Amino acid sequence: MTVDNGMLARLERRAIWLTLGAAAVALVAPQAGPPIAAGVFGGALIVAVSYWAIKRGVDGIAAALTAGASPRARTVGALIMSVLRYALLALIAYVMIARLRLSPVGLLAGASVVPASVAIEALATLRQHGKV
């Protein structure tokens with residue numbers, strides 16, 4: 001299975017626009033305001049770091065496979081990067097929740113931009129193929 005880089009670029013752009021839109025809605029919503037908008041950006045940052053780490057990890061594994069690296073080296077490298085990725089995400093989440101005291105609702109809204117972007121892309125693809 002191949003990855004359509006155009007699709008990934010569309011998902012990335014859409015996630016950025018959804019983040020900006022959610023933050024704008026939070027700024028004007030009567031019960032929300034700047035704390036929720038800041039949380040939206042924080043949640044989107046967590047998802048962006050996770051996406052970047054996964055994308056980089058997959059690219060690294062693909063490069064190792066094509067370069068002929070040993071299976072043991074690939075496994076150890078993938079395990080180390082996975083542990084480091086989750087440690088980095090935990091640290092970022094800790095700072096945002098415990099130190100910066102960002103809104104959990106805002107963080108959840110920001111973390112939801114990538115799934116929302118994927119859902120919109122899926123619906124657009126289905127519509128394009130006449131399934132919806």
Side-chain angles (χ1 to χ4, degrees):
M1 178 163 75
T2 61
V3 175
D4 178 7
N5 286 332
M7 180 180 58
L8 286 177
R10 283 192 307 275
L11 290 173
E12 293 165 0
R13 281 191 308 272
R14 187 174 290 121
I16 291 168
W17 283 110
L18 288 172
T19 300
L20 295 172
V25 167
L27 282 173
V28 298
Q31 298 287 324
I36 303 284
V40 168
F41 286 120
L45 176 65
I46 290 173
V47 170
V49 169
S50 178
Y51 172 80
W52 172 79
I54 290 170
K55 188 175 178 181
R56 190 172 157 155
V58 169
D59 289 343
I61 290 171
L65 286 172
T66 58
S70 72
R72 184 179 186 123
R74 287 192 308 260
T75 303
V76 170
L79 180 63
I80 290 171
M81 290 308 295
S82 179
V83 169
L84 289 175
R85 175 179 154 247
Y86 286 111
L88 176 62
L89 290 173
L91 177 66
I92 292 170
Y94 168 77
V95 168
M96 288 184 181
I97 293 169
R99 297 295 173 200
L100 298 177
R101 304 215 186 270
L102 294 181
S103 164
V105 172
L107 287 170
L108 183 60
S112 299
V113 297
V114 170
S117 180
V118 170
I120 293 168
E121 182 69 23
L123 287 172
T125 302
L126 288 173
R127 180 173 287 153
Q128 181 182 11
H129 293 291
K131 308 276 185 187
V132 176

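Source: prediction; values computed, not measured. The first residue in the sequence is number 1, and the count goes up from there. Any value given below was found using the heavy atoms of this structure, including those in side chains, with hydrogens, waters and symmetry copies removed.
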Could you give the side-chain donor-acceptor pairs of residues 41-57 under 3.5 Å, partners two or more places apart or in another chain?
{"from": "Ser50", "atom 1": "OG", "to": "Arg85", "atom 2": "NH2", "distance (Å)": "3.1"}
{"from": "Tyr51", "atom 1": "OH", "to": "Glu12", "atom 2": "OE2", "distance (Å)": "2.5"}
{"from": "Lys55", "atom 1": "NZ", "to": "Glu12", "atom 2": "OE2", "distance (Å)": "3.1"}

Below 3.5 Å, can you tabulate the donor-acceptor pairs from side chains in residues 111-119 to any protein atom, sequence neighbours excluded?
{"from": "Ser112", "atom 1": "OG", "to": "Leu108", "atom 2": "O", "distance (Å)": "2.7"}
{"from": "Ser117", "atom 1": "OG", "to": "Leu11", "atom 2": "O", "distance (Å)": "3.0"}

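Taking hydrophobic clusters as Ile, Leu, Val, Met, Phe, Trp and Tyr residues chained together by side-chain heavy-atom distances below 4.5 Å, Leu88 shares a cluster with Met96. Two different hydrophobic clusters hold Tyr86 and Leu84 under the rule that ILVMFWY side chains link at heavy-atom gaps under 4.5 Å. Linking ILVMFWY residues whenever their side-chain heavy atoms come closer than 4.5 Å, directly or via other members, places Ile97 and Leu91 in the same cluster. Residues Val95 and Leu107 share a hydrophobic cluster, clusters being chains of Ile/Leu/Val/Met/Phe/Trp/Tyr side chains in contact below 4.5 Å. Trp17 is not connected to Met7 by any chain of hydrophobic side-chain contacts under 4.5 Å among Ile, Leu, Val, Met, Phe, Trp and Tyr, and they are in different clusters.
Smallest separation of non-hydrogen atoms from Ser103 and Ile36: OG-CD1, 3.0 Å. Of all non-hydrogen atoms in Ala26 and Ala37, the two that sit nearest each other are CB-N, 3.7 Å. Of all non-hydrogen atoms in Val40 and Ala22, the two that sit nearest each other are CG1-CB, 3.9 Å.
Here the CZ-CG distance, from Arg13 to Leu8, works out to 10.5 Å after rounding to the nearest 0.5 Å.
The shortest distance between side-chain heavy atoms of Pro34 and Leu27 falls below 4.5 Å.
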